[in-house]
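Letters go in sequence order (proteins before strands), and every chain restarts at 1. Given the structure is predicted, the values throughout are model-derived calculations rather than measurements.
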Protein chains: 2
Amino acid sequence: MSKRKLTIRDISVATGLSTFTVSRALNGAAGVSEESRRQVEKVARELGYVPNRAAQGLRGAPRDSVAVIIAGTSNAYYLDLMSGIQRTMQQKDVTVVLMDIAVNGVYDADLEDRVIQRLLESRMAGVISTLTLKPESLALLASWDLPIMFVDSSPPREAPHLPSVTTDNYNASLLVGEHLAQHGYKNWLFLVYPERWSTRFDRERGLRDAARQHGAEITVLESENDAAAARATLATYLDRAGPWPDVLIAGNNPLLLGALNLLRSRGTRVPDDLGVVGYDEFAWAPLIEPSLTVLNERSEEIGGLAAETLLEIIEEQSRAVKRGEAGAPEYLPRHQRQVPVDLLVRRSCGCHPPLDRTSDLVASGKASRSTTNHRTKKGPADRV
Amino acid sequence: MSKRKLTIRDISVATGLSTFTVSRALNGAAGVSEESRRQVEKVARELGYVPNRAAQGLRGAPRDSVAVIIAGTSNAYYLDLMSGIQRTMQQKDVTVVLMDIAVNGVYDADLEDRVIQRLLESRMAGVISTLTLKPESLALLASWDLPIMFVDSSPPREAPHLPSVTTDNYNASLLVGEHLAQHGYKNWLFLVYPERWSTRFDRERGLRDAARQHGAEITVLESENDAAAARATLATYLDRAGPWPDVLIAGNNPLLLGALNLLRSRGTRVPDDLGVVGYDEFAWAPLIEPSLTVLNERSEEIGGLAAETLLEIIEEQSRAVKRGEAGAPEYLPRHQRQVPVDLLVRRSCGCHPPLDRTSDLVASGKASRSTTNHRTKKGPADRV
DNA sequence: CACCCCACCCTAAACGTTTAGGAATCGCTT
DNA sequence: AAGCGATTCCTAAACGTTTAGGGTGGGGTG
């Protein structure tokens with residue numbers, strides 16, 4: 001079964017043409033007659049020739065891989081994100097490499113270093129990161145002219161010009177706050193992940209502004225970014241002395257899951273004893289008891305947008321290099337985008353929508369990327 | 001910011017040592033004095049040297065990437081699988097490349113060809129596939145001596161010796177069937193994905209055997225492998241003339257989701273009008289209304305096991321090559337493993353467990369890989 | 001017929017690393 | 001003092017591509 005690896009030279013001798021001609025022919029480049037090209041292609045196919053990517057990469061720089069950095073795979077939200085990224089990348093024939101900088105589910109700084117190193121060694125074309133990286137990492141990437149793109153996480157304070165695609169987290173929070181105020185909630189509890197995931201910043205700011213504006217109290221409770229930690233953190237908090245909150249806002253789905261688990265096991269009734277609102281729509285949300293009021297983040301669209309933007313930056317960069325200019329990637333203001341959100345009102349916040357129409361499968365994710373409506377969607381019987 | 005890319009030669013002139021010495025020093029190989037090694041490492045660090053993986057790969061074959069093939073990212077189950085694979089791989093410093101052979105969420109045969117091609121071009125060390133590949137693909141991989149491993153999918157009929165790690169699907173189905181029989185269900189409906197995902201085979205066989213054994217009728221209803229298709233397929237089926245089923249068994253979670261959506265929108269009561277059972281435990285299952293009775297697949301463990309096995313095969317292969325033997329990977333019987341399952345009994349099947357203890361976060365996934373109990377877990381108040 | 005241009009093709013060098021084969025040095029044994 | 005083995009290092013050749021720079025021949029133009 002096993003056959004010796006064929007090189008371009010084998011095709012060369014088999015056709016009687018030079019390696020130059022073979023190479024041009026296979027790459028569809030100019031300077032080869034139609035006849036030669038056809039012959040080369042025929043022989044290559046018959047012999048089962050497969051080019052060696054390493055050798056190609058050595059000479060020119062057909063850097064055609066992009067790395068996606070995540071920390072922990074517990075959040076199903078990343079699936080949609082990846083789906084959007086993949087969809088775009090595979091059209092352009094770019095390989096996506098998923099790199100996890102979490103060990104046993106929690107972020108690890110040393111691993112971040114090693115992964116960045118890996119990235120450079122394999123001469124990736126660009127990086128998409130779902131969390132804010134260390135300044136050293138960014139400096140390293142910059143010194144290698146490697147374009148980076150933040151997705152669902154904003155660039156760090158030290159480098160606010162870096163490109164990013166996020167949900168419009170600030171307005172999303174205002175939207176949530178407004179809805180909570182309509183319910184008359186006065187004592188909000190925001191259960192949230194660490195600042196390493198920088199969406200935290202805008203989400204918190206929006207909620208705080210909303211609380212101030214509507215005269216509510218808000219407490220921010222930080223937990224590690226997974227369900228088990230969220231459950232433990234919330235348990236400790238609720239056991240303390242102090243006023244019981246009206247409503248719980250979960251910063252993302254792992255935290256929401258942890259919180260709901262705790263509430264369920266303690267027999268706390270939602271929304272009667274405590275209202276609950278979450279940040280990311282997901283497929284099962286309408287089927288939970290009670291059905292969950294959440295923001296409708298358009299993860300797949302965000303992923304796709306990030307991928308497109310990154311590819312654009314990479315292309316512009318390689319064009320500049322070809323013109324003999326400096327190789328640093330050029331980041332423009334339009335490379336920073338925010339995607340609007342709506343609030344999917346279900347029952348966990350205290351509303352009583354009649355039949356949950358939002359559970360229509362067509363509407364959730366895949367299909368419609370049309371409506372950019374920025375207001376709260378209310379069912380006809382949406383009494384507050 | 002931008003600096004010229006450093007080569008090993010730059011380190012060579014900076015230290016006054018030859019490229020040979022530098023290379024050996026950086027790789028920790030023998031034949032270099034401690035003093036030289038230290039100096040090389042120091043200079044390399046100061047100058048910010050990063051080796052070029054492409055060039056390394058060109059000479060020797062430090063093939064240190066493994067591809068994971070999936071089709072569609074809609075099933076959150078893959079997250080756990082990937083998590084298990086990553087955990088193992090990153091310990092051994094192996095890069096995992098995720099390759100999707102679905103376009104817009106559905107399997108695409110042409111894309112499979114292109115992805116396999118890509119795989120060969122980049123000289124991957126091995127492949128883990130979550131679905132049964134085309135015979136041509138397998139032949140191609142074999143002719144390149146590329147080890148393949150099936151995870152959560154069995155090897156195809158043409159090559160039953162290929163290694164795999166799956167849940168014990170046959171016994172899992174028997175377990176389900178036994179439980180359904182205890183409920184007295186006589187008319188089962190099995191909603192299932194296409195045979196391309198080969199777990200279908202054992203799952204169906206187990207259910208059929210169980211039905212025969214307990215004197216029940218079973219209907220197998222095939223749907224494409226996503227929620228929207230499942231919903232549509234089920235709708236059409238239920239609208240036909242004919243007896244209404246007692247109980248619905250969903251072949252995996254996307255199908256379960258589609259089914260539940262349909263039932264909810266039609267007002268069908270679960271489990272009163274129709275019992276429901278699913279195949280993969282997931283984090284939200286205890287919180288759904290009604291809480292879902294599902295099998296407890298240990299996806300992360302399966303992923304980890306598959307990764308370990310593949311690495312073992314790869315290592316054995318490269319040892320054999322070093323000994324001058326043939327390069328074909330050697331597949332042994334012990335490379336085929338089946339992981340046992342238990343049934344998590346909740347309410348959707350018609351049972352009434354008291355408080356859902358299975359919602360403890362520690363138990364679901366991450367932590368305990370201890371119990372290999374193969375029987376049905378029953379709560380004290382588990383009345384049938 | 002001299003000239004130029006173009007299409008097609010070739011030879012040879014380059015990319016950044018590893019490695020085969022050998023040379024130099026040193027200390028030790030005879 | 002010669003011989004030897006071990007240690008440390010070097011030179012040069014490989015790996016499989018792409019590409020710079022040049023060569024050939026044929027057709028059109030003066």
Side-chain angles (χ1 to χ4, degrees), chain A residues 3-40 43-44 47-64 117 120-123 144 318 321-322 324 327, chain B residues 3-41 43-44 47-64 117-118 120-123 144 318 321-322 324 327:
Chain A
K3 51 183 160 189
R4 197 179 64 80
K5 303 273 166 71
L6 293 172
T7 81
I8 210 173
R9 169 133 275 123
D10 295 306
I11 311 295
S12 164
V13 311
T15 56
L17 295 164
S18 76
T19 61
F20 165 89
T21 311
V22 174
S23 172
R24 312 290 310 205
L26 290 175
N27 293 326
V32 182
S33 69
E34 258 321 300
E35 196 196 333
S36 303
R37 185 187 307 277
R38 254 195 295 277
Q39 201 202 344
V40 166
V43 172
L47 266 50
Y49 167 75
V50 175
N52 183 334
R53 214 111 195 147
Q56 293 180 217
L58 196 48
R59 189 68 225 262
R63 309 181 315 170
D64 51 6
Q117 190 71 12
L120 296 177
E121 291 179 6
S122 33
R123 304 294 192 262
W144 279 76
S318 68
V321 167
K322 205 156 282 174
Chain B
K3 51 182 160 187
R4 196 179 64 79
K5 303 271 167 72
L6 293 172
T7 80
I8 210 173
R9 171 133 273 123
D10 295 306
I11 311 294
S12 164
V13 311
T15 56
L17 295 164
S18 78
T19 61
F20 166 87
T21 311
V22 174
S23 173
R24 310 292 308 209
L26 290 175
N27 292 327
V32 182
S33 70
E34 257 322 300
E35 196 196 331
S36 302
R37 185 186 306 277
R38 253 195 296 277
Q39 201 202 346
V40 167
E41 277 167 356
V43 172
L47 266 51
Y49 166 75
V50 175
N52 184 333
R53 215 115 193 144
Q56 292 180 309
L58 196 47
R59 191 67 225 263
R63 309 182 315 170
D64 52 5
Q117 189 72 11
R118 238 334 155 78
L120 297 177
E121 291 180 5
S122 33
R123 306 293 193 261
W144 279 77
S318 67
V321 166
K322 204 156 284 173

- Task: Spell out yes or no: do the side chain of B/Arg59 and the base of C/dT17 have one donor N/O and one acceptor N/O closer than 3.5 Å?
- Result: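 Absent.
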- Interface residues of residues 23-32 of chain B with DNA chain C (non-hydrogen, below 4.0 angstrom):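 Output list: B/Ser23, B/Asn27.
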So, for [X] and [Y], which heavy atoms are closest and what is the spacing to 0.1 Å?
X: B/Gln117; Y: A/Val50; answer: NE2-CG2, 3.9 Å
X: B/Asp10; Y: B/Thr7; answer: OD2-N, 2.7 Å
X: A/Ile8; Y: A/Tyr49; answer: N-CE1, 3.7 Å
X: A/Ala14; Y: A/Leu47; answer: CB-CD2, 4.4 Å

Can you tell me how far [atom2] of [N] sits from [atom1] of [X], to the nearest Å?
X: B/Ile11; N: C/dT17; atom1: CD1; atom2: P; value: 9 Å
X: B/Leu17; N: D/dT8; atom1: CG; atom2: P; value: 13 Å
X: A/Gln56; N: D/dT19; atom1: CD; atom2: C1'; value: 14 Å
X: B/Arg37; N: D/dT8; atom1: CZ; atom2: P; value: 10 Å
X: B/Ile8; N: C/dC15; atom1: CD1; atom2: P; value: 15 Å
X: B/Arg123; N: D/dG16; atom1: CZ; atom2: P; value: 8 Å
X: B/Glu35; N: D/dT8; atom1: CD; atom2: P; value: 11 Å
X: B/Glu34; N: D/dT7; atom1: CD; atom2: C1'; value: 13 Å

- Message: So, using side chain to side chain contact (heavy atoms under 4.5 Å, CB included) as the criterion, who are the partners of B/Ser33 when residues are at least two apart?
- Response: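 Side chain to side chain contact (heavy atoms under 4.5 Å, CB included) check on B/Ser33 returns B/Glu35, B/Ser36.
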- Message: Just to be sure I understand the rule, does B/Ser18 reach a base, reach only the sugar-phosphate, or reach nothing, if contact means heavy atoms closer than 4.0 Å?
- Response: base
- Query: Considering residues at least two apart in sequence or located in another chain, which fulfil the salt bridge (charged side-chain N to carboxylate O under 4.0 Å, His left out) criterion with B/Glu34?
  - Reply: B/Arg37, B/Arg38
- Query: For the helix from C/dC1-D/dG30 to C/dT30-D/dA1, how many degrees between its two end axes (five pairs per end), to the nearest 10°?
  - Reply: 60°
- Message: With rounding to the nearest 0.5 angstrom, report the CD to CG distance, B/Gln56 to B/Leu58.
- Response: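 With rounding to 0.5 Å, CD (B/Gln56) is 11.0 Å from CG (B/Leu58).
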- Query: Closer to the 5' end of DNA chain C via nearest nucleotide, is it A/Ser36 or A/Thr19?
  - Reply: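 Nearer the 5' end of the strand: A/Ser36.
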Between N or O atoms, less than 3.5 Å apart, protein on one side and nucleotides 21-27 of chain D on the other: list the pairs.
none

- Message: Among D/dT17, D/dC15, C/dT17, which nucleotide has an atom closest to any side-chain atom of B/Thr7?
- Response: C/dT17
- Query: Looking at the side chain of A/Ser33, which of D/dC10, D/dT17, C/dC8 is the nearest nucleotide?
  - Reply: C/dC8
Atom pairs and distances, donor-acceptor, side-chain atoms in residues 15-30 of chain A, under 3.5 Å, two or more places apart:
unit_1, atom_1, unit_2, atom_2, d
A/Thr15, OG1, A/Ile11, O, 2.9
A/Thr15, OG1, A/Ser12, O, 3.2
A/Thr15, OG1, A/Leu17, N, 3.2
A/Ser18, OG, A/Phe20, N, 3.3
A/Ser18, OG, A/Thr21, N, 3.2
A/Ser18, OG, A/Thr21, OG1, 3.2
A/Asn27, ND2, A/Ser23, O, 3.2

